[in-house]
Amino acid sequence: MASKRNLASSFAVTATLLVLGCQPASQSDRMRDSEAALVELDDATKIQMELDQAKALSQRGNHDTAAKSLYSLMIRHPDNDDAILLTAQVEAARGDLETALEVIRSVNADSKVWPAAIDLHAQLLAKRGRHGLAADLLLDALVKQQDRLKWRHEAWRLLNFVGRRQEACDQAMALCRLGLATEPELLSLIGRRLAFPSPDLIKDKGATPQQIEKQFAPGLGKARWFYSVQQYDRALEQLERQRRDGFASVADEAFYGRLLAESQHWEAFQSWHSQRSLQIERHSDYWSALGTFYIDARDHESAVRALLESIVRDPTDRESYQRLAKVLAAIDRPEDSEQFRNRGIEIAQTERLAKEVLESPTDVEKREQLARYLMELGRPFETLAWTSTMLPRNALAPRQMVSRQRVQLLQDPSAATMTTEIALLGLAPSQFRLQPLDEQRLGNRGVSTAETTVPPRAVATTPRLVNRADELNLAFQWYKDVEIDLTTIPIHESLGGGIAVLDYDLDGWPDVYLAQGSGDPPTDRCTRSNELYRHLNSTFQTKTVPANAEDHHYSSGLAAGDVNQDGFPDLLLGSLGHNRLLINNGDGTFQEQTERLGEFPDRFTASVAIADINGDRLPDLFESNYIEMEGGFALPKTGPDGKLISPTPLAHYPDADRWFENLGDGTFRLHEITRSIAKPGTSLGLVVTDFQSDGKNEVFVGIDVRPNHLLVQDGNNSFLNLADTNGLANGLSGVANGCMGIATGDFNRDGRLDLQIANYSLEPANLYLQNASGDFTDHSMRYGLAAVTNPFVGFGTKAADFDRNGFLDFIVTNGHIFDMRDQGEPYQMAPQLLMSDGRSLELVDVEDESGYWDKTYLGRTIATLDYDRDGATDFLVGHLDQPLALLHDETRADGRWVQVELIGTTSERDAIGARLSLTVDRTPYIEWVTAGDGYFCSDEPVCSFAFPPRQGDADIHLQVQWPSGRVQDFAALTPGHRYLVVEGQTQPELRW
């Protein structure tokens with residue numbers, strides 16, 4: 001009552017001025033006559049007549065006169081809610097929205113006009129850009145009058161607009177339970193963490209800023225949109241001002257934390273968490289953020305607890321399911337892990353089907369599939385709602401049946417908890433301990449010691465890489481069996497052929513062996529052989545036939561290494577069929593000695609490696625295998641729409657990897673990586689080296705669309721797969737990626753081996769950084785790698801310091817495996833060069849007079865070499881659709897370089913697993929000797945170091961930790977040279 005009197009008093013002066021000072025005399029006289037005529041009527045009638053007159057004036061557009069009359073009435077009757085409502089309506093019509101808002105707030109909640117006042121109040125707030133407040137007004141009103149369906153629909157719309165998706169879905173779910181949800185409201189329930197309208201509804205993921213402006217409010221609304229299209233930095237920008245000035249809602253605060261976790265900004269995460277609101281635990285985004293942090297912290301039990309809490313609040317959070325599968329595997333709960341992995345796949349299927357329903361609204365089959373998935377996921381009300389969308393309007397009996405089923409569900413107490421119980425797959429959050437997230441633990445997460453001690457160094461110059469293949473007579477192209485359209489090739493033809501760099505004649509210059517594919521595998525009668533090119537007199541010459549290096553199998557990965565320890569590099573040839581072993585005779589020729597391997601069945605081999613993998617100091621042979629041979633070479637099938645179906649390894653059974661143990665007498669024993677060690681995967685990439693710096697080599701296998709393997713020696717001539725426990729099985733999202741190429745090196749300069757993996761499109765490349773305990777975390781988001789690699793299908797990838805600033809950069813060759821241009825993805829793709837300053841990676845332009853970097857390709861393989869001995873790393877790049885490129889590094893860098901070759905004596909001769917530390921003015925640079933070398937390739941066996949220039953003569957020394965355990969130190973190395981270090985010799989030999 002007092003508030004209304006105050007309101008009336010506040011407008012008294014305004015009303016007096018309007019009534020007395022601003023009216024023509026004749027109109028004032030008419031008003032006095034009208035008032036006189038009302039004297040004899042009762043008060044209620046008088047008030048109603050005045051209201052009717054004011055309404056009529058307003059309807060005729062005479063809002064000013066109506067307002068004067070109403071203010072006069074409000075001065076006399078400040079408690080009249082009809083007058084207050086009409087006054088607010090008139091002020092809104094006059095365009096004075098702030099005054100209208102001030103007036104409408106005083107309508108009594110018990111008044112019959114209160115619902116209309118709520119409608120107007122919400123409309124006014126929205127018009128003034130206060131959409132969140134409008135939504136809150138409707139939510140509060142719904143507490144009092146739950147049957148106001150119009151408010152639920154409008155609250156849903158407003159909450160989506162401002163990005164408060166959890167609350168919006170609460171309203172959509174309430175309508176769904178009543179059978180009154182619209183189809184957009186049903187679609188909004190499919191992926192509740194994502195913006196709605198979704199990218200699919202807006203049609204184009206590259207929507208213009210104007211389109212986004214219309215669909216979402218600034219702040220959380222746009223932030224959730226950018227999150228949905230994986231632009232996390234832009235999403236964070238939308239909430240940064242709120243972080244400083246105060247979050248608009250708890251939902252904004254929770255989502256900001258999720259964005260910090262997704263983008264791995266752990267320092268900011270610390271500040272956010274320490275200042276969080278008490279109400280934040282109601283939001284799934286908070287728990288998802290917490291779970292992501294605990295994964296990074298390697299507190300797997302706490303991660304499980306947090307992610308389960310997230311699912312309780314949002315059973316559609318696919319990322320939480322994927323990450324749960326990852327951490328449950330890490331705590332040795334494989335069955336639970338498999339269940340959550342499969343559930344994540346089912347949720348992904350609902351997202352896919354929802355998109356297809358949008359694209360084909362009349363396709364009843366898609367709707368039926370979506371309804372079935374929702375039923376399996378324990379979402380019965382959504383199932384009934386989608387079933388209703390398939391029924392004709394005149395199908396009264398089926399509609400009545402659906403209604404009866406809905407009523408039965410509403411009367412069943414168990415229906416209220418069904419979705420949550422099924423979502424948790426038999427687990428409960430209370431089963432798992434949640435470690436308090438204290439300040440000390442936060443302060444140590446996410447930033448390596450190197451990042452706090454090694455200062456960043458700006459990218460020094462623009463890289464220059466020029467294709468010199470034609471000039472060097474290196475004319476080679478990977479061929480198919482027949483000249484057909486590349487866009488229709490089967491899966492095996494999409495993988496490309498291997499490259500091996502080896503000095504087979506020991507003349508000090510790198511030669512090249514190249515794989516060929518030209519038939520229908522498995523066969524040894526391809527129309528073209530692999531090719532051997534000898535590097536001689538600054539050119540390459542074909543020596544395949546005179547070197548007896550022909551091979552007419554359908555080749556895949558290649559490995560070069562000294563199999564028989566005689567000082568001459570041999571060749572292991574992977575094949576889609578029967579692999580072969582070519583032993584170097586030492587006279588410029590090779591001899592096939594595959595029989596040394598014994599009897600072994602043909603496999604769909606991918607990458608191969610020559611390295612000691614069981615610790616007996618003899619080189620063994622390892623092969624990664626892709627899919628089973630049967631059905632593995634079929635042409636793409638045609639779908640119902642007449643389009644070719646994109647090939648996928650998930651349509652085939654994976655095959656087990658295997659290795660050949662060197663028995664020391666020239667023969668080998670076959671071993672298979674059995675299911676007891678690691679479940680077979682569709683293996684592609686391969687790296688063998690001493691990951692754990694313990695003197696034993698491990699085998700990392702990058703796997704396509706299935707979890708990766710890290711095979712660690714168990715001391716019994718067998719292995720354990722530790723990829724799940726140390727973080728290498730899956731990326732940050734928790735889902736298995738389509739892994740292809742692998743680059744190795746010390747990317748953050750902390751002295752530990754790291755991995756960078758190129759993946760399929762819409763799957764950011766991984767950047768696995770190793771910590772002091774030997775665990776790995778995918779820092780792709782933190783370093784900016786995710787955003788620039790996400791649109792590409794990456795294959796070969798290598799690390800090299802192009803500008804010699806002390807930090808490794810990356811070169812990646814890209815290209816799709818299937819023509820998906822009708823779905824908005826390019827087929828041929830540009831190669832990429834990403835430069836590092838030690839804190840982030842930046843995609844840069846490349847100087848190139850040959851025009852190589854101006855084109856797009858179906859890129860596949862990359863091998864490294866220094867073919868002209870200038871100290872810079874050069875690159876052989878293989879493609880499906882273009883000839884082999886030899887990219888000569890001609891970057892004008894000011895830094896210095898040192899190269900080192902190793903020969904083991906007690907260790908195996910190639911010294912795979914050796915760790916080299918080059919210290920320049922007390923600054924260490926670390927390299928490892930590897931085998932496998934990523935994807936289908938063997939690099940030139942040399943470790944290259946690059947470092948910034950120093951004033952005067954730098955103090956440079958080298959330490960080698962040999963696989964045998966011996967450690968040797970060498971002082972006073974001179975930059976600008978290559979050295980040969982022989983195990984046990986006291987001084988390195990200057991090669992050039």
Lys/Arg N to Asp/Glu carboxylate O, Lys55 vs Asp82, below 4.0 Å: no
Evaluate the ring planes of Trp114 and Trp151, with Trp represented by its six-membered ring, and classify them as parallel (under 30°), tilted (30 to 60°) or perpendicular (over 60°). perpendicular
Of Arg177, Arg192, Arg372, the residue whose pairing with Glu382 passes salt bridge (Lys or Arg N to Asp or Glu O under 4.0 Å): Arg192
Test item: Arg343 side-chain N/O and Tyr321 main-chain N/O as donor-acceptor pair under 3.5 Å: no
Are Trp156 and Phe196 an aromatic pair by the rule of ring centers under 6.0 Å? yes
Any side-chain heavy atom of Glu351 sitting closer than 4.5 Å to one from Thr316? no
Among Trp272, Tyr294, Phe293, exactly one meets ring pair (Phe, Tyr, Trp, His ring centres under 6.0 Å) together with Trp266. Which residue is that? Phe293
Suppose we call two aromatic rings close when their centres sit under 6.0 Å apart. Are Phe255 and Tyr227 close by that rule? yes
Should we count CD of Gln146 as having more than 12 external heavy atoms under 6.0 Å? no
I'd like to know whether CE of Met390 has more than 12 heavy-atom contacts from other residues, nucleotides or ligands below 6.0 angstrom. yes
Examine Phe247 together with Tyr256 and report whether their ring centres are nearer than 6.0 Å. yes
Has the side chain of Arg94 got a donor or acceptor atom that lies under 3.5 Å from a matching backbone atom of Gln89? no
Any side chain to side chain donor-acceptor pair (under 3.5 Å) involving residues 401-413? Give me the pairs, sequence neighbours left out, ordered by first then second residue. Asp412-Ser414
Does anything in residues 383-395 form a side chain to side chain donor-acceptor pair (under 3.5 Å)? List the pairs, not counting sequence neighbours. Arg367-Thr389
